[in-house]
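Residues take their numbers from the sequence shown, with the count starting at 1. These numbers come from the heavy atoms of this one structure, side chains and all, not from hydrogens, waters or symmetry mates.
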Amino acid sequence: MAFLAPVSNVTYSCEYDFQTHRLSIKAEGEISDTLNDPYFERDPTWLGGYKFNLLTTAKEEVGTPVQRHFIAKPYAETVPLPRWVETILVETASGVQTVYINRVELVGSADELNGKVKALKIAEAGKPADNVIDVLPPKDIYLPGGRTTRITADVPKPGIGLWPQVKVNTKFDTDSFELVDAETTRTSADQVSTTYVVKWKEWSELPKVFQVITTTWNGELGPGTETSRVIQPYIIHYVWIEGPEPSKK
C-alpha cells in the first residue's frame, strides 16, 4: 500500500512546454533503504491548481534502515496550464512544498511544432498519430457578479452517414459557476455553434478556468480510428463594480 514518502534533502524540477502542453516533474533526494523509490501521483481532489503527492511503498525484502539517494520516477501529463499559474504543490510525509514551473515557450514553425506535438504524444500515450489532444491558448473573460457571459464553440457538423461524430462538452468548477443555458445553432452549411451562458455563483478572488472540449471521431474502429480533442480554456476574472466588497468564501 502506498503512502506519503518520508524523504529529505529533496530537489524538485518542474517544466511546462507550451508546444506540447506537457507538464513534467522530477525529484531526487534521500529516503530510507527500507522503501522503494518514490513516484508522483496527481491529487484529484485539489481545485484551483495542480497538487501532487510523492508516494512510496515498503520493500518486500527489508533493507537496512539507512538513508540512500533516490531519483523519483519522472512524471509527465498533457494538461492545460493557464498562464497565471506559476507553481505546483508537492506533498510528502514532511508536508507541502511549493515548486516553481519552468516555462518553455513556443518556438519554431507551425509545421515543426505540429510534428513535435504529435511525436511526443505518440511516444507518451502509445496511441495512433491522429489520437491527439490540442490545447488552445487561453482566452480572458472579465465577468461582473450577477451578470452572464456567452461562450461559443464552433464545430463542424457531421458528414455523410453521420460521420465524423462531433461532441462538445464543458469542464468547470461547479462551486464557482452556474451554467444558465446552452443552445446549438447552425452557422453555415458545414458548421454549427454551441453557446454556453455562464454566471458566477459566488465571489472569487482568483480567476477560474472554464473549458470547452470538442471531441471528433471518424466513426471507424480498429487501426483506422481517428479521434481528436480540442480544449479551449477560458480564464474568467470576477469583476466587482459597486457596493461593498463581498466577503470571501
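Residue K208 holds its NZ atom at 8.0 Å from CD of E202, rounded to the nearest 0.5 Å. Distance check: D173 CG to F210 CZ gives 11.5 Å after rounding to the nearest 0.5 Å. The structure places CE of M1 at 11.5 Å from OG1 of T57, a figure rounded to the nearest 0.5 Å. Rounding to the nearest 0.5 Å gives a distance of 5.0 Å between CD of Q97 and OH of Y12. Considering OG of S13 and CD1 of I101, their distance stands at 12.0 Å, rounded to 0.5 Å. Once rounded to the nearest 0.5 Å, the distance linking CG of L143 with OG1 of T149 reads 5.5 Å.
Of the possible donor and acceptor atoms, none in the side chain of K51 sits under 3.5 Å from a partner among the backbone N and O of R42. In this structure, W200 contributes its side chain and G146 its backbone to no donor-acceptor pair below 3.5 Å.
For the pair L23/T78, no side-chain contact is recorded, criterion being any heavy-atom separation below 4.5 Å from C-beta on. With a 4.5 Å cut-off on side-chain heavy atoms, V168 and V212 count as touching. L4 is not listed as a side-chain neighbour of L54, based on a closest heavy-atom distance of 4.5 Å or more. Side-chain atoms of K139 and Q232, non-hydrogen and from C-beta on, do get closer than 4.5 Å to each other. Contact check for N9 versus Q67: no side-chain heavy atoms found under the 4.5 Å cut-off. Counting only heavy atoms from C-beta outward, the side chains of R150 and V197 approach each other to under 4.5 Å. Counting heavy atoms from C-beta outward, S94 and V10 have side chains that stay 4.5 Å or more apart. Using a 4.5 Å heavy-atom cutoff, the side chains of V198 and L179 are in contact.
The shortest non-hydrogen separation linking Y196 to A182 is CD2-CB, 3.8 Å. Contact detail for C14 and V99: the closest heavy-atom pair is CB-CG1, 3.9 Å. Of all non-hydrogen atoms in A72 and F40, the two that sit nearest each other are CB-CE1, 4.2 Å. Residues D175 and K201 share a closest heavy-atom pair of O-CB, 3.7 Å. Smallest separation of non-hydrogen atoms from A58 and F3: N-CE2, 4.1 Å.
The cluster map of Ile, Leu, Val, Met, Phe, Trp and Tyr, joined by side-chain heavy atoms under 4.5 Å apart, puts W203 and V180 in different clusters. The cluster map of Ile, Leu, Val, Met, Phe, Trp and Tyr, joined by side-chain heavy atoms under 4.5 Å apart, puts Y238 and F177 in the same cluster.
Between Y142 and H237, the two ring planes are parallel [angle under 30°; tilted spans 30° to 60°].
Between the side chains of N53 and E41, no donor-acceptor pair is found at a separation under 3.5 Å. H69 and E30 are not linked by any side-chain donor-acceptor pair at a separation below 3.5 angstrom, with hydrogens and angles left out of the test. A donor atom on one side chain and an acceptor atom on the other are not found under 3.5 Å apart for S176 and S204. Residues N36 and T56 have side chains that never bring a donor and an acceptor to within less than 3.5 angstrom of each other.
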Evaluation steps, salt bridge (charged side-chain N to carboxylate O under 4.0 Å, His left out), between D17 and R22: CA-CA 5 Å; D17 192 334; R22 189 171 73 165; over 6 Å; no

Test side-chain contact (heavy atoms from CB on, under 4.5 Å) applied to F70 and V7, step by step: CA-CA 9 Å; F70 76 86; V7 294; 3.7 Å; yes

Evaluation steps, salt bridge (charged side-chain N to carboxylate O under 4.0 Å, His left out), between D181 and K199: CA-CA 10 Å; D181 193 15; K199 72 175 183 179; over 6 Å; no

Steps toward side-chain contact (heavy atoms from CB on, under 4.5 Å) verdict (I25, I88): CA-CA 10 Å; I25 315 171; I88 64 168; 3.7 Å; yes

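Sparse packing is recorded around OH of Y100, with 12 or fewer heavy atoms of other residues, nucleotides or ligands lying under 6.0 Å away.
Of the options I71, I31, L55, a side chain to side chain contact (heavy atoms under 4.5 Å, CB included) to P38 is made by I31 and by none of the others. Here the rule is side chain to side chain contact (heavy atoms under 4.5 Å, CB included) with I151, and of T170, I236, T195 only I236 fits it.
Side-chain rings of Y75 and F52 approach one another, their centers coming within less than 6.0 Å.
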